[in-house]
J.: 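Right, I'll just put the structure down here and ask away after.
Numbers here simply count residues along the sequence, with the first being 1.
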Amino acid sequence: MALRKIRPSGGPEDFERWQQRKSSLTRESILDAAVDSLVESGYAGLSTNDVARRAGVSRGAMHHHFPNRIALVRGMIEHVFYRRMRHFLDDFVAQLKVIDPDDETLQPHVIAVELHWHSVQSREFEAYLRLAVAARNDAELAEAFDPAARRYDEVWLEEMDHAFPQWRSAPELMRLASDVTQALQLGLLINGSTIGEERVRAIQDELVGVVKRLAEAAKR
């Protein structure tokens, strides 16, 4: 699976010995706490001391896993990217198992548009946005964030190729559908409270129409 390429090292399921598993779970707890800190306090307010407090670990344990702030940030970037994609793919596969294949309103690419909209409203996406914005003015963060973001994009397109085999004859159209969806829904996320739910829904419906048209074009 392409997703393994961005999977953070040391996931809990990789270890058989309890001590190793415990260490991995502690690391996950620290990274979850780092995401909470980032979302609530912003990148400037992110500190190892605050994260250790939130995670309920000692400073020694914190230093063992992440010896400094930038090491923590690098770990969190991997964590956020992996979680975002993993949650989307899990939800997508679950939806495919229960849909009626004859129901044209629930085609896989239509489901994907709706699930992606839910994913951009997640805590992980909020963390991603804060990192992306901060990286524009922070060279040290950009050095960590930008290559990870490019790698995420590559893996995302590989996963979409697996998820939508009907698009394989027209990969450029699949990329376009993905890019349009991501760009438009990011705009809706930022401006949604201003334009209101009714207009957001109307734009989402138009987006579904665009993706459907691209899917039809991919069949030709």
J.: Are Leu131 and Val133 connected in the hydrophobic side-chain network, where two residues link if heavy atoms are under 4.5 Å apart?
T.: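 Leu131 and Val133: separate clusters.
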
J.: Would you say the side chain of Thr181 lies within less than 4.5 Å of the side chain of Trp117, judging by non-hydrogen atoms?
T.: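 No - every pair of side-chain heavy atoms lies 4.5 Å or more apart.
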
J.: Mind checking whether Val120 and Leu186 have side chains closer than 4.5 Å, heavy atoms only?
T.: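 The answer is no; the side chains never approach within 4.5 Å.
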
J.: How close do Ala144 and Arg74 get, counting heavy atoms only, and between which atoms?
T.: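 Looks like CB-NH1, 3.5 Å.
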
J.: Report yes if some heavy atom in the side chain of Asp91 is under 4.5 Å from a heavy atom in the side chain of His118; otherwise report no.
T.: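 No, every pair of side-chain atoms sits at 4.5 Å or beyond.
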
J.: Is any side-chain heavy atom of Pro108 closer than 4.5 Å to one of Leu96?
T.: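 In contact.
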
J.: Verify the neighbour count for atom CD of Glu140: are there more than 12 heavy atoms of other residues, nucleotides or ligands below 6.0 Å?
T.: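 No.
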
J.: Return the minimal non-hydrogen interatomic distance between Arg199 and Ile195, and the atom names on each side.
T.: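 What the structure gives for the nearest pair is CD-O, 3.2 Å.
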
J.: Tell me whether Gln182 at atom CD has more than 12 heavy atoms from other residues, nucleotides or ligands lying less than 6.0 Å away.
T.: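 More than 12 within 6.0 Å, yes.
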
J.: Hey, mind stepping through Leu72 and Ile30 against side chain to side chain contact (heavy atoms under 4.5 Å, CB included) and telling me if it holds?
T.: CA-CA 9 Å; Leu72 174 64; Ile30 291 171; 4.0 Å; yes

J.: To the nearest 0.5 angstrom, please state how far the CG atom of Asp50 sits from the OG atom of Ser41.
T.: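 The OG atom of Ser41 is 5.5 Å from CG of Asp50, to the nearest 0.5 Å.
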
J.: Hey, is CD on Glu198 packed in by over 12 heavy atoms from elsewhere, all under 6.0 Å?
T.: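 Not more than 12 within 6.0 Å, no.
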
J.: Trp156 vs Tyr152 aromatic rings, parallel, tilted or perpendicular, using cut-offs 30° and 60°?
T.: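 Ring orientation of Trp156 relative to Tyr152: parallel.
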
J.: Assess whether atom CZ of Arg168 is packed by more than 12 heavy atoms of other residues, nucleotides or ligands within 6.0 Å.
T.: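 Yes.
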
J.: I want to check a possible cation-pi pair here: Arg151 against Tyr82, using under 6.0 Å from ring centre and within 45° of the ring axis as the test.
T.: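 No cation-pi geometry.
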
J.: Ignoring hydrogens, what is the shortest heavy-atom contact between Ser37 and Gly45? Give both atom names and the distance.
T.: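 Taking Ser37 first and Gly45 second, the nearest heavy atoms are OG-O, 4.3 Å.
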
J.: Tyr43 and Phe145: aromatic ring centres closer than 6.0 Å?
T.: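 Ring-ring flag for Tyr43/Phe145: false, centres at least 6.0 Å apart.
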
J.: Using 0.5 Å steps for rounding, measure from the OG atom of Ser119 to the CZ atom of Phe92.
T.: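 Between atom OG of Ser119 and atom CZ of Phe92 there are 12.5 Å.
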
J.: What is the minimum heavy-atom distance between Ala135 and Ala142, and which atoms define it?
T.: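 Between these two residues, the closest heavy atoms are O-CB, 3.4 Å.
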
J.: If we ignore angles and hydrogens, is there a donor and acceptor under 3.5 Å between the side chains of His116 and Gln185?
T.: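 Checked: His116/Gln185 side chains pair up, N/O donor to acceptor below 3.5 Å.
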
J.: Do NZ/NE/NH1/NH2 and the carboxylate oxygens of Arg201 and Glu114 come within less than 4.0 Å?
T.: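 Glu114 and Arg201: salt-bridged.
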
J.: Rounded at 0.5 Å granularity, tell me how far CG in Leu184 sits from CD in Gln204.
T.: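 Leu184 atom CG to Gln204 atom CD measures 7.0 Å (nearest 0.5 Å).
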
J.: Kindly say whether Gly187 contributes a backbone atom to a donor-acceptor pair with the side chain of Asn191 at under 3.5 angstrom?
T.: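 Such a contact is found between Asn191 side chain and Gly187 backbone.
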
J.: Any side-chain heavy-atom pair from Leu141 and Ile77 closer than 4.5 angstrom?
T.: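 With C-beta onward as the side chain, the pair touches.
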
J.: Output, in order, the C-alpha distance, side-chain angles, deciding distance and verdict of salt bridge (Lys or Arg N to Asp or Glu O under 4.0 Å) for Arg213 and Glu206.
T.: CA-CA 11 Å; Arg213 290 191 290 274; Glu206 188 63 28; 3.8 Å; yes

J.: Report the C-alpha separation of Arg150 and Asp153 in whole Å, then their side-chain angles, then the decisive distance to 0.1 Å, and conclude whether the salt bridge (Lys or Arg N to Asp or Glu O under 4.0 Å) test is met.
T.: CA-CA 5 Å; Arg150 288 190 290 270; Asp153 182 64; over 6 Å; no

J.: In the structure I gave you, are the side-chain heavy atoms of Met174 and Asp179 within less than 4.5 Å of one another anywhere?
T.: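 Not in contact.
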
J.: I'd like to know whether Glu126 forms a salt bridge (Lys or Arg N to Asp or Glu O under 4.0 Å) with Arg130, so could you lay out the CA-CA distance, the side-chain angles of the two residues, the decisive distance to 0.1 Å, and finally the verdict.
T.: CA-CA 6 Å; Glu126 174 69 16; Arg130 288 182 177 272; 3.0 Å; yes

J.: Taking side chain as C-beta onward, heavy atoms only, is Ile203 less than 4.5 Å from Leu207?
T.: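 A side-chain contact is absent here, since even the closest heavy-atom pair is not under 4.5 Å.
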
J.: Would you indicate whether the side-chain heavy atoms of Val57 and Thr26 approach each other to under 4.5 Å?
T.: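 Yes, side chains in contact.
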
J.: Do you know which two heavy atoms are closest between Ala127 and Leu38, and how far apart they sit?
T.: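 For Ala127 and Leu38, the tightest heavy-atom pair comes out as O-CD2, 3.5 Å.
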
J.: Establish, yes or no, whether a centroid distance under 6.0 Å links the rings of Phe88 and Phe125.
T.: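 Judged by ring-centre distance (under 6.0 Å), Phe88 and Phe125 do not meet the cut-off.
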
J.: Quick one, Phe66 with Val73, criterion side chain to side chain contact (heavy atoms under 4.5 Å, CB included). Give me CA distance, side-chain angles, the key distance, then yes/no.
T.: CA-CA 9 Å; Phe66 303 102; Val73 169; over 6 Å; no

J.: Could you go through Glu40 and Arg54, starting from their C-alpha distance and side-chain angles, then the distance that decides it, and tell me whether this counts as side chain to side chain contact (heavy atoms under 4.5 Å, CB included)?
T.: CA-CA 12 Å; Glu40 294 175 22; Arg54 289 171 182 267; 3.1 Å; yes

J.: Do you see a donor-acceptor pair shorter than 3.5 Å between the side chains of His63 and Asn68?
T.: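 No pair is found: no donor N or O on one side chain lies under 3.5 Å from an acceptor on the other.
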
J.: Working to the nearest 0.5 angstrom, can you tell me the gap between Leu188 CG and Gln121 CD?
T.: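 Here the rounded value is 9.5 Å.
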
J.: Take His79 and Arg27, measure what side chain to side chain contact (heavy atoms under 4.5 Å, CB included) needs, and give me the verdict at the end.
T.: CA-CA 10 Å; His79 184 72; Arg27 186 178 188 277; over 6 Å; no

J.: Look up atom CG in Asp36 and atom CZ in Arg123, then write down how far apart they are to the nearest 0.5 Å.
T.: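 So the CG of Asp36 and the CZ of Arg123 are separated by 4.5 Å.
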
J.: Students often mix this up, so state it plainly: with edges at 30° and 60°, are the rings of His109 and Trp167 parallel, tilted or perpendicular?
T.: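 Taking Trp167 first and then His109, their aromatic rings stand perpendicular (interplane angle over 60°).
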
J.: Find out whether the Lys NZ or Arg CZ of Arg84 is both under 6.0 angstrom from the six-membered ring centre of Tyr128 and within 45° of the ring's axis.
T.: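 Judged by the rule (NZ or CZ under 6.0 Å from the ring centre, within 45° of its axis), Arg84 counts as positioned above Tyr128.
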
J.: Determine the minimum heavy-atom distance between Val35 and Met76, stating which atoms define it.
T.: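 In terms of heavy atoms, the two residues are closest at N-SD, 3.7 Å.
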
J.: Find the distance between NZ (Lys219) and CG (Leu214) and round it off to the nearest 0.5 Å.
T.: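 The NZ atom of Lys219 sits 12.5 Å away from the CG atom of Leu214.
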
J.: Evaluate the criterion salt bridge (Lys or Arg N to Asp or Glu O under 4.0 Å) for residue pair Glu28 and Arg83; output intermediate values, then yes/no.
T.: CA-CA 11 Å; Glu28 294 258 321; Arg83 283 282 185 89; 3.2 Å; yes

